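Note that this is a predicted model, so its numbers are computed, not measured. In listed order, ligands and their atoms are each counted from 1.
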Amino acid sequence: MFKQTDAIHGSEFFDEKTGAFIVPIFQSSIFEMERDKGTARKSDRGKDLKYSREENPTVRALERVVAKIEGGGDALAFSSGMAAISTVFMAFLDDKSEVLVAKEVYGTTMQLALNLRKFGVRVKIAGPDTEQIVESVARETRIVFVETLTNPTLRVLNVPEIAKACRDNDALLIVDNTFVTPVLYRPLKDGAPLVVHSATKYLAGHNDVIAGVVIGDNDIISNVLWDWRRMLGCILSPFDAFLVLRGLKTLELRVRRHCENAMAIAEFLNDHPKVVEVLYPGLPENKYHEVARKLFANNMYGGVVSFKIKGAKNEVLKFMKTLKVIRVSPSLGGPESVLTYPIVSGASTMPPNIREELGITENLLRLSVGLENVDDLIEDLERALSSI
Ligand SMILES: Cc1ncc(COP(=O)(O)O)c(C=O)c1O
């Protein structure tokens with residue numbers, strides 16, 4: 001079970017000398033060796049503490065918290081979500097392997113996977129739903145990469161079923177849990193060996209830092225991925241680790257409010273004559289409602305709502321221009337509500353046939369619902385919808 005206490009106290013940091021309450025920013029690239037032994041001091045997981053591309057106490061504190069809240073043995077923090085994902089790919093793929101990527105994943109993850117072909121990696125795309133992914137996992141599959149809640153059409157994948165198919169075929173399942181957060185769902189307990197996050201989103205939660213994390217068992221993290229991060233040089237900076245640590249102290253509060261606001265907005269949009277379709281797994285009629293209700297905690301369904309308005313690109317542009325409170329930008333998971341136009345943003349790099357199959361149309365919008373008063377957001381949406 002996710003525990004906010006872990007998000008607040010999980011760093012287990014205590015400085016005997018000062019009694020400092022908050023983990024300091026260890027803005028030091030190097031650490032002094034123990035002169036009597038000629039060796040480096042060790043971090044709590046036995047790694048040399050000598051150079052901040054390898055190990056840093058502020059980053060380490062964040063990793064302890066993240067491992068606890070996702071229920072893993074250990075974690076690593078990276079300079080971005082993409083740095084985390086590319087490090088995992090680099091560590092586990094070679095010219096004989098096949099990677100299976102779910103049809104609907106973050107555009108840059110898909111691009112990265114497709115570009116691995118130049119190293120001889122075979123890339124299989126399967127989905128968009130659980131059944132097709134499960135059917136496509138084969139003996140030769142080395143890695144399966146999925147997102148718990150897909151973007152932008154908000155399909156919910158049945159992670160336990162995918163994890164079983166991966167176990168049966170000796171494939172390593174990687175679950176991107178960015179959209180869901182451990183507050184709603186923890187894939188590790190359902191048999192996924194590795195979880196990644198763009199911590200840029202809900203984990204940090206304030207639209208002021210780019211960061212990524214990977215969580216798994218001690219062996220994978222400490223003996224495999226730690227070295228790849230060191231070689232690739234993509235560790236998170238101490239200052240950014242401090243910001244993510246601070247964000248995590250309010251994770252549950254924020255996620256609850258995001259979800260409450262999102263539910264109210266999904267219901268408002270669902271009843272609006274200028275809205276053709278609302279894609280939100282919290283709505284009882286949504287195709288993914290049952291699986292979401294089963295997997296996600298406390299009737300929470302995420303802070304993102306996608307919807308299709310009446311019309312096409314012209315109407316979308318008018319709608320976006322009229323918004324006053326909701327801002328237009330690519331990211332999600334922060335206090336500010338942010339609207340994204342997928343065909344020109346995240347889905348712009350997606351092959352057109354896949355875009356069409358997924359239903360990413362010219363009138364589709366994705367709203368990352370923020371922490372504002374929901375009445376203000378609804379008023380803003382009403383005004384913008386009236387303008388089209
Ligand atoms: C689901 C998901 N995974 C990974 C990423 C990449 O993370 P970052 O932008 O922190 O590199 C994103 C970014 O939007 C994302 O939405």
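- Side-chain atoms of Ile162 and Thr130, non-hydrogen and from C-beta on, do get closer than 4.5 Å to each other.
- Expressed to the nearest 0.5 Å, how far OG1 of Thr178 lies from OH of Tyr106 amounts to 10.0 Å.
- With a 4.5 Å cut-off on side-chain heavy atoms, Ile22 and Phe242 count as touching.
- Comparing heavy-atom distances from atom 3 (N) of ligand 1 across Asp176, Val304, Ile210 singles out Asp176 as nearest.
- In this structure, atom 13 (C) of ligand 1 lies nearest to the protein heavy atom Lys201 NZ, 2.6 Å.
- A donor-acceptor pair is defined here as one N or O able to donate and one able to accept, closer than 3.5 Å; such a pair exists between the side chain of Arg254 and the backbone of Leu203.
- The pair Arg60-Glu63 counts as a salt bridge, with a side-chain nitrogen and a carboxylate oxygen less than 4.0 angstrom apart.
- If you take CG on Asp380 and CZ on Arg327, they are separated by 11.5 Å, rounding to the nearest 0.5 Å.
- At a 4.0 Å cut-off, at least one heavy atom of Ala211 sits close enough to ligand 1 to count as contact.
- At a 4.0 Å cut-off, not a single heavy atom of His197 sits close enough to ligand 1 to count as contact.
- The shortest N or O to N or O distance between Thr109 and ligand 1 is not under 3.5 Å.
- Atom 15 (C) of ligand 1 has as its closest protein heavy atom Tyr106 CG, 3.7 Å.
- Of the protein's non-hydrogen atoms, the one nearest atom 11 (O) of ligand 1 is Met82 N, 2.9 Å.
- Short contacts between ligand 1 and Gly81, defined as distances under 4.0 Å to a heavy atom of the residue, involve ligand atoms 7 (O), 8 (P), 10 (O), 11 (O).
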